[in-house]
Amino acid sequence: MNDTPRANRLHIGLFGRRNSGKSSLINAITGQEIALVSDFPGTTTDPVYKAMELLPIGPVVFIDTAGLDDVGDLGELRIKKTLEVMDKTDIALVVFSTENLDFSLEKRWCQELRNRNIPIIGVVNKIDKRDVDIKDLTKEFDFPFIKVSANKRENIGKLKEMIHQNAPMDFELSTLVGDIITPKSLVVLVTPQDIQAPKNRLILPQVQTIRDILDNNCMALVAKETELLDLLNCLNKKPALVITDSQVFHIVSKIVPEDIPLTSFSIIMSRYKGELSTLVRGAKAIDELKPNDRVLIEEACTHHPLENDIGRQKLPALLENKAGGKLQIEIKVGGDFPEDLTPYALILHCGACMLNRKQMLTRIIRAREQNVPITNYGMAFAHAQGILERTTCMFEPQDSSTFSLQLPFL
């Protein structure tokens, strides 16, 4: 893996009316013709993503969206997609065109961004056609503005500087496990290589964990669960931490002595991407499931289900065993996450390695505000084995109470 995954990049969303110049602006910022540009309104339909390095921030991804004033049935669907982009946006560029001076619609959408605690930069585009004074706009909207010409590439460098100055530096946590291990520590990773493991590769959370261990000047040893006992017997000192695939908790927890901290890749990712304490509480709600309850299983990535698939077979069987009967289980994949969660007794989410932290936090908070328990795969397995406390006790509690969320106006 040579490139930073999209989920670990700062997400910069571009929002504005049709023909305000969003696509031209993203082309100007990236220096590439990656977005289709036309004088015909509504050229951009689905969100367009472009990953790049934006110094001194580092890896970022720009998201070009459909016009917020789109019309018709298809227009409503496009606006819905744009609202979904807000859920993953870390900083927003709201593009104002000098060809339109009625900003009532922009005010509504800026409020949507504020509801999600997203920093905003106002970008007044097309000043090559008509210049405007942005002092009144700055007072009216209460966020910084800049005047640019995407076509003439005017002030694009200054816009990049503004993005750096206003971007949240905590858009992702600084480490996966570096805060719970000390330099020179030995960490053992248990990585089963079953039919679902990609040939000749490790899965993304495993790769990222190894890199994080090395970045924190520690040592990583990797083994399958079938060789774990032999590995531990070869060591002349105890590991500082054992991290395993959650699906083999039932094996690994019996091999690893109680005095050695034990957790899983999925639990590590749940903290890195979201809020651990809420997900721990959600795992305990598994005990309250009753036959015929509705359960939502969320998979952030798309993959071809294989035999004994974790989300379609292993976890449903675990939940139905706990409930004492059949459940109504719904599986959503990728970016599909219902706005109304109240019909569900429980949400079971994957580790979210393909989502950025903003998007996963939004999902967690939406579930919490609708009083629906949410947990993740690893915690479900840990709870079923009676080791949830053991596998989460090494982490400090998290708090996202300062992040408020209001549901979209559509």
Side-chain angles (χ1 to χ4, degrees), residues 6 9-30 34-38 41-50 52 54 60-71 74-126 132 134 137-138 140-148 150 155-156 159-160 162-163 166-168 171 335 356 358-359 362 405-410:
R6 181 192 292 176
R9 294 172 178 265
L10 179 79
H11 282 51
I12 305 169
L14 282 79
F15 305 93
R17 295 175 186 259
R18 292 174 296 167
N19 260 19
S20 59
K22 299 185 301 299
S23 298
S24 297
L25 185 60
I26 199 171
N27 287 344
I29 294 172
T30 61
I34 60 103
L36 183 63
V37 175
S38 169
T43 302
T44 301
T45 54
D46 293 325
V48 175
Y49 294 79
K50 173 58 181 176
M52 67 173 291
L54 185 64
V60 303
V61 57
F62 286 92
I63 314 172
D64 188 14
T65 63
L68 54 86
D69 60 336
D70 217 327
V71 295
L74 279 178
E76 289 185 11
L77 293 175
R78 291 167 184 165
I79 292 175
K80 183 179 179 181
K81 286 289 186 184
T82 299
L83 281 165
E84 291 175 359
V85 168
M86 286 188 182
D87 288 344
K88 65 182 75 171
T89 296
D90 295 306
I91 182 170
L93 306 184
V94 178
V95 184
F96 296 71
S97 172
T98 58
E99 297 171 340
N100 171 69
L101 298 179
D102 176 13
F103 301 129
S104 56
L105 189 56
E106 281 82 357
K107 287 183 179 179
R108 293 176 64 195
W109 280 70
C110 286
Q111 187 58 49
E112 286 296 312
L113 292 165
R114 290 182 185 277
N115 290 343
R116 292 162 170 80
N117 279 0
I118 300 172
I120 304 171
I121 297 174
V123 183
V124 179
N125 192 19
K126 302 185 179 181
V132 296
I134 61 174
L137 281 174
T138 303
E140 188 173 358
F141 284 89
D142 194 29
F143 51 74
F145 273 81
I146 184 172
K147 298 190 296 183
V148 305
N155 282 343
I156 298 302
L159 174 57
K160 292 180 181 180
M162 286 187 70
I163 294 173
N166 292 274
F171 70 95
N356 71 334
K358 184 76 173 187
Q359 189 174 12
T362 298
L405 177 68
Q406 298 178 19
L407 294 180
F409 56 78
L410 290 180

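Counting begins at 1 with the first residue of the sequence.
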Quick one: do V48 and K22 satisfy side-chain contact (heavy atoms from CB on, under 4.5 Å)? Show the steps, please.
CA-CA 11 Å; V48 175; K22 299 185 301 299; over 6 Å; no
With a 3.5 Å distance limit and no angle check, can you tell me whether S20 reaches the backbone of R17 through a side-chain donor-acceptor pair?
yes
Would a 4.5 Å heavy-atom cut-off, applied to side chains only, mark L54 and I12 as touching?
yes
Distance-only, no hydrogens or angles: does the R9 side chain make a donor-acceptor pair with backbone N or O of M52 under 3.5 Å?
yes
To the nearest 0.5 Å, what is the distance between CG on N356 and NE2 on H11?
4.0 Å
Only counting residues at least two apart or in another chain, list the ones meeting side chain to side chain contact (heavy atoms under 4.5 Å, CB included) with N166.
I91, I121, P144, M162
Considering all heavy atoms of both residues, which atom of P47 and which atom of I63 are nearest to each other, and what is their separation?
CB-CG2, 4.0 Å
Please examine the side chains of L113 and W109, heavy atoms only from C-beta on, and report whether any two atoms are closer than 4.5 Å.
no
Main chain of L14, side chain of T65: is a donor-acceptor contact present, judged purely on distance under 3.5 Å?
yes
Please confirm whether the backbone N or O of E112 pairs with a side-chain atom of R116, one donor and one acceptor, at under 3.5 Å?
yes
Roughly how far, to the nearest 0.5 Å, is the OG1 atom of T362 from the CE atom of M86?
11.5 Å
Test V123 against L25 for side-chain contact (heavy atoms from CB on, under 4.5 Å), laying out the working first.
CA-CA 9 Å; V123 183; L25 185 60; 3.9 Å; yes
Please identify each residue that fulfils side chain to side chain contact (heavy atoms under 4.5 Å, CB included) with N155, with sequence neighbours left out.
I146, V148, K158
Looking at every non-hydrogen atom in both residues, tell me the closest pair between A150 and A28 and how far apart they are.
O-CB, 3.8 Å
Look only at the side chain of K358 and the backbone of L10, and say whether a donor-acceptor pair between them is shorter than 3.5 Å.
no
When rounded to the nearest 0.5 angstrom, what is the spacing between CG in L68 and CZ in R18?
9.5 Å
At their closest point, which heavy atom of K126 faces which heavy atom of N19, and how far apart are they?
NZ-O, 2.5 Å
Once you round to the nearest 0.5 Å, how far does OH of Y49 lie from CZ of F62?
14.5 Å
Closest non-hydrogen atom pair between R78 and A66, with its separation:
CB-CB, 3.8 Å
Is a donor on one side and an acceptor on the other found under 3.5 Å between the side chain of D87 and the backbone of Q359?
no
Spacing of NZ belonging to K160 relative to CD1 belonging to I156, to within rounding of 0.5 Å
8.0 Å
Consider only side-chain N and O atoms of D64 and S23, and report whether a donor and an acceptor are under 3.5 Å apart.
yes
Okay, side chain of K50, backbone of I26: is any donor-acceptor separation there less than 3.5 Å?
no
State, with a plain yes or no, whether a side-chain heavy atom of V95 is found less than 4.5 Å away from one of F15.
no
Testing the basics here: between I118 and A92, what is the closest heavy-atom pair and its distance to 0.1 Å?
CG2-N, 3.8 Å
Residues forming a ring pair (Phe, Tyr, Trp, His ring centres under 6.0 Å) with F96, sequence neighbours excluded
F103, F141, F145
Could you state the interatomic distance from CD (E106) to CD1 (I120), rounded to the nearest 0.5 Å?
11.5 Å
